[in-house]
Structure formats: structure tokens, C-alpha cells
Amino acid sequence: MVSSSRSFYYLMHSNLMEMKYLDQVVNETLRKYPIVPFVMRSCNKDYKVPDSVVTIPEGMKLFISTLGIHRDSEYYADPDKFDPQRFSDENKNRIPQFAYIPFGEGPRICIGLRFGLMQTKTGLAVLLNKFKFTPKAGEKYDIHFDPRTFNLSKEGNVLLKAERL
Ligand code: HEM
């Protein structure tokens, strides 16, 4: 019993690891829509920002905009376009270090990174195996973020049509 359930999870995990396009889609979704849209830091030493007149003083609390970095055309061509090819094997290494930080970075990086990605991919793989999702007739998908939420959320619902395969 124990060994068969172990092999089930092992198989599930190794199958997920082979789903490269799913990985690209999840990465691109987290780029355009980072669930946590900023990281917080406290400056522990005066820091002169290179090529600017700004110095961040010791003790200052900072919000670093993940959403702003992820939508910066300096790092991503046509940043508002949803393009999973940015994360293909041949392209992903061109993304500069720290320009993709949906889980934060450094010593306080999200401890649930792998778990979060695996949960997301498992949910999608199970749903897409059984259902086909299409836009609901007449539904407009122009996304406005809800300014009252801590996590990045869309105002209102996202309605899709689900058909069992
Ligand atoms: C897709 C899912 C997730 C995203 C996008 C996400 C994102 C983040 C981000 C941006 C941070 C701040 C990192 C930083 O300041 O550098 C963080 C911290 C954290 N996350 Fe997640 N997270 C996810 C899932 C999870 C899960 C599943 C868990 C637990 C099982 C988790 C536990 C934590 C904890 C404990 C911290 C604080 C780490 C620290 O301050 O040392 N996260 N997460």
C-alpha cells in the first residue's frame, strides 16, 4: 500500500516535470500576474542607487514592485503580451537575474515555491484532462486589478464555459 501510493506520487510528479509547455504557461502567468505584486525589504546599510542621485538610507522600509519589474519593457519585449515562449528552454536564460521574481529572491524567498508550482500544475493538469474551457459568450476579459486587495486580484469574476471531454 505504502509503496504503491509512493509510486503514484512519484509518477505524478515526474509526469508534471515533463510538461514543458504547462511550465511555460504557469511562468508567463506569474510574470504578467504576480500573485504577490511586491516584495518588502528593510535597508540595512546606506545604498547609492547606481546611475542615479538617489541614496536609500539605512533603516528605510521598501516596497519593490514585482509587477512593475515584470511589465518593464527593458526586460521584456512587448511586456503586456501573454507569450509563454519567453520561458522556452532557449529563451528563458535571456531573462536577466532578478527580472523574474514571482516568489521573491534572496534569503527570504518563498519557502513554498516548489509546492506552490506543483499544486498549480496538478490542478491545471487534472482539470484540463477532463474539461475543455472556452471564453463564455459575450464575456469581456479586460482586466482591472482590485486596488483593495493585498494579493493581485481581478475586480469581479472570471467566467469561463466548461465542457466535460
Ligand atoms: C504560486 C504560489 C505562491 C507564490 C506566488 C508565493 C509568493 C511569495 C512571495 C513573493 C514571497 C515573499 C518573498 C520575498 O520577500 O522575497 C513569499 C514568501 C513566503 N511564502 Fe510564498 N508563494 C506561494 C506559495 C506558497 C506556499 C504554497 C507556501 C507554504 C506552503 C508559501 C509560504 C511562504 C512563506 C512562509 C513565506 C515567507 C518566507 C520568509 O519571509 O522567509 N508560499 N511567497
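None of the values given here were measured: they were computed from a predicted structure. First listed ligand is number 1; within each ligand, the first listed atom is number 1.
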Answer yes if M118 and L113 sit in the same cluster of Ile, Leu, Val, Met, Phe, Trp and Tyr residues linked by side chain heavy atoms under 4.5 Å apart, and no otherwise. yes
R41 contact mode with ligand 1 (heavy-atom cut-off under 4.0 Å): side chain
Taking every heavy atom of G68 against every heavy atom of S65, the minimum-distance pair comes out as N-OG, 2.7 Å
Do you know which of T55, V53, V54 makes side chain to side chain contact (heavy atoms under 4.5 Å, CB included) with K48? T55
Kindly list each side-chain donor-acceptor pair under 3.5 angstrom involving residues 69-79, sequence neighbours excluded, with atom names and distances?
residue: H70; atom: ND1; partner: L30; partner atom: O; Å: 3.4
residue: H70; atom: ND1; partner: R31; partner atom: O; Å: 3.0
residue: H70; atom: NE2; partner: I101; partner atom: N; Å: 2.9
residue: R71; atom: NE; partner: K32; partner atom: O; Å: 3.3
residue: R71; atom: NH1; partner: D80; partner atom: OD1; Å: 2.9
residue: R71; atom: NH2; partner: K32; partner atom: O; Å: 2.8
residue: D72; atom: OD1; partner: E74; partner atom: N; Å: 2.8
residue: Y76; atom: OH; partner: A99; partner atom: O; Å: 2.7

I need the atoms of ligand 1 closer than 4.0 Å to a non-hydrogen atom of [X], numbered in the order shown.
X	value
E105	16 (O)
F115	27 (C), 30 (C)
I35	1 (C), 5 (C)

Check: of P34, P102, P37, min heavy-atom distance to atom 7 (C) of ligand 1 comes from P102
Counting only non-hydrogen atoms of the protein, does one fall under 4.0 Å from atom 5 (C) of ligand 1? yes
Are any of the N/O atoms on R108, whether in the backbone or the side chain, positioned under 3.5 angstrom from an N/O atom of ligand 1? yes
Please tabulate, one pair per line, all N/O donor-acceptor pairs under 3.5 Å involving side-chain atoms of residues 150-165, not counting sequence neighbours.
residue: S153; atom: OG; partner: T149; partner atom: OG1; Å: 3.4
residue: S153; atom: OG; partner: N151; partner atom: O; Å: 3.1
residue: K154; atom: NZ; partner: N157; partner atom: O; Å: 3.2

Is it true that a side-chain atom of E58 and a backbone atom of D46 form a donor plus acceptor pair closer than 3.5 Å? no
Working to the nearest 0.5 Å, report the span between NZ of K81 and CZ of R86. 7.5 Å
Note, I64 side chain near F38 side chain (heavy atom, < 4.5 Å): no
Please report how many protein N/O/S atoms lie under 2.8 Å from atom 21 (Fe) of ligand 1. 1
With a 3.5 Å cut-off and sequence neighbours excluded, list the donor-acceptor pairs that the side chains of residues 15-26 form with protein atoms.
residue: N15; atom: ND2; partner: L11; partner atom: O; Å: 3.4
residue: K20; atom: NZ; partner: D89; partner atom: OD2; Å: 2.7
residue: D23; atom: OD1; partner: K121; partner atom: NZ; Å: 2.7
residue: D23; atom: OD2; partner: N27; partner atom: ND2; Å: 3.3
residue: Q24; atom: NE2; partner: P84; partner atom: O; Å: 3.1
residue: Q24; atom: NE2; partner: Q85; partner atom: OE1; Å: 3.3

